[in-house]
Structure formats: C-alpha cells, structure tokens
Amino acid sequence: MQLESPKVNVAQSAEYIFNALSDVKNFEKLMPESIAKFEVTGEDSFIFALKGMPEIKLKKKEETPHSKIVLGAASDKLPFTLTGNITEVDANNTEIQLHFEGSFNPMMAMMVKGPIGKFIEALAGNMSKL
C-alpha cells in the first residue's frame, strides 16, 4: 500500500526543514489534533497514538542531508515506512511531500488507508509549524 501527501511549500530553507525533521521531538508539532499520546523514546525514535488507534513506535531509519528523511515502524507487526522528500525551491522556500509505504494484508489495508491518508495530510499540512 502506498499513499502520498499533497506537496506543501514552507517558507524555510531545505537545510532548516531537514534539521528540524532530523530531531524526532519536533514531530510532536506536526501531529494532528486527534493525538492522544506522543513520547520521545530515544534520540531517533518516538511513540505516538491517535484517538481510537493503537500506539505506533517510529524510528529514524535513513537520512540524506537536506533532501530525505525515512522513518520506519519499530515493530514488525505493521511494517511500513514514512519518507519525507524535501526539495529546495530557492534559498527561503522548500517543498515537502510525505510518502507512506506499508505491507499489509488486503483487509488491514482497507481499514487503515483512510486514517493513514488523513494522518500524513495533517503532518504535511503542519510543516509550517516547524
């Protein structure tokens, strides 16, 4: 299952956005209003829960300076990655798009597609809060 957020423009440099997203505690600022829990569990990981959904632990898996950050599920129960692609428009403007990729059975994919789609849209829409 693959989903992507709309591309959003943020009035910051690509370096600033990359550095902000590299610090996992900044993801709390991006969470939707339906957040029920957010807890940093290490330098490169955090747990979050949305109302009515189970807790999910995300861990930073990969980063390419100023252009890409990849977070992945710390558990093999729900294997997925969330990739932030960062594209510099000019020195003070950056375009960001989030890509979600998960390996779910068809029943699970049908159940989570809507909530996950709304979740990544909310994350992208809140990028200007960084």
Side-chain angles (χ1 to χ4, degrees):
M1 182 173 87
Q2 295 191 18
L3 299 170
E4 53 186 44
S5 74
K7 291 179 179 177
V8 294
N9 285 305
V10 180
Q12 294 287 353
S13 69
E15 181 179 3
Y16 176 88
I17 295 297
F18 175 82
N19 290 337
L21 293 177
S22 291
D23 186 348
V24 294
K25 70 177 173 274
N26 285 328
F27 276 84
E28 186 169 16
K29 297 174 188 170
L30 303 178
M31 291 290 156
E33 289 180 14
S34 61
I35 188 83
K37 176 181 184 172
F38 186 92
E39 179 184 332
V40 174
T41 57
E43 196 173 292
D44 62 354
S45 62
F46 62 92
I47 293 173
F48 74 96
L50 302 175
K51 290 178 185 142
M53 299 283 283
E55 286 184 5
I56 296 172
K57 182 172 184 178
L58 283 176
K59 185 173 178 60
K60 195 166 25 167
K61 301 276 188 187
E62 179 189 331
E63 55 185 19
T64 305
H66 309 175
S67 65
K68 183 164 100 173
I69 301 251
V70 180
L71 299 173
S75 162
D76 290 337
K77 284 192 289 186
L78 289 173
F80 71 87
T81 57
L82 181 62
T83 302
N85 290 314
I86 303 163
T87 306
E88 185 172 71
V89 176
D90 59 40
N92 298 313
N93 288 288
T94 302
E95 186 177 81
I96 303 157
Q97 185 172 34
L98 300 177
H99 293 270
F100 175 92
E101 190 169 337
S103 298
F104 306 121
N105 67 46
M107 184 69 174
M108 177 68 89
M110 195 173 69
M111 288 173 35
V112 301
K113 187 175 184 176
I116 290 172
K118 286 180 183 159
F119 174 69
I120 65 170
E121 282 181 30
L123 289 180
N126 288 333
M127 286 290 169
S128 61
K129 294 180 179 180
L130 289 175

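Everything numeric in this text was worked out from a predicted model, so none of it was measured.
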Would you give me the side-chain donor-acceptor pairs under 3.5 Å for residues 107-120, sequence neighbours excluded?
none

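For Ser22, the side-chain hydrogen bond (donor to acceptor under 3.5 Å, both in side chains) criterion is met by Glu63, not counting sequence neighbours. Evaluation of the ring pair (Phe, Tyr, Trp, His ring centres under 6.0 Å) rule for Tyr16 yields no partner, not counting sequence neighbours. Scored by the side-chain contact (heavy atoms from CB on, under 4.5 Å) test, Thr41 finds Glu39, Ser45, Ile47, Lys57 as partners (sequence neighbours excluded). Residues forming a side-chain hydrogen bond (donor to acceptor under 3.5 Å, both in side chains) with Asp90 (at least two apart in sequence, or on another chain): Asn93. Under the rule for a side-chain hydrogen bond (donor to acceptor under 3.5 Å, both in side chains), Asn92 has no partner lying at least two apart in sequence or in another chain. Partners of Thr87 by side-chain hydrogen bond (donor to acceptor under 3.5 Å, both in side chains), not counting sequence neighbours: none found. Partners of Glu15 according to the salt bridge (Lys or Arg N to Asp or Glu O under 4.0 Å) rule, which considers only residues two or more places apart in sequence or in another chain, do not exist here. Residues satisfying the salt bridge (Lys or Arg N to Asp or Glu O under 4.0 Å) criterion with Glu101, sequence neighbours excluded, are absent altogether.
Here the straight-line distance linking atom CG of Asn85 with atom CD of Glu95 works out to 10.0 Å at 0.5 Å rounding. Rounded to the nearest 0.5 Å, atoms CG (Leu50) and CD1 (Ile56) are 7.0 Å apart. Rounding to the nearest 0.5 Å gives a distance of 13.5 Å between OG of Ser67 and CD1 of Ile17. Rounding to the nearest 0.5 Å places CD1 of Ile96 at 7.0 Å from CG of Leu130.
Within the structure, salt bridge (Lys or Arg N to Asp or Glu O under 4.0 Å) pairs that include any residue of residues 43-54 comprise Asp44-Lys59 (at least two apart or interchain). Applying the salt bridge (Lys or Arg N to Asp or Glu O under 4.0 Å) test to pairs two or more places apart or on separate chains, those with a residue in residues 16-30 are Asp23-Lys25. Here ring pair (Phe, Tyr, Trp, His ring centres under 6.0 Å) pairs that include residues 85-117, with residues two or more places apart or in two chains, are Phe80-Phe100.
Side-chain contact between Val70 and Leu82 is absent, with no heavy-atom pair separated by less than 4.5 Å. Side chains of Leu21 and Leu30 form a contact here, defined as non-hydrogen atoms less than 4.5 Å apart.
Heavy-atom neighbours of Lys68 NZ from other residues, nucleotides or ligands within 6.0 Å: at or below the threshold of 12. Around CG of Asp76, the count of heavy atoms belonging to other residues, nucleotides or ligands within 6.0 Å does not exceed 12.
A donor-acceptor pair is defined here as one N or O able to donate and one able to accept, closer than 3.5 Å; such a pair exists between the side chain of Thr94 and the backbone of Gln12.
Here Phe46 and Phe27 bring their ring centres to under 6.0 angstrom of each other.
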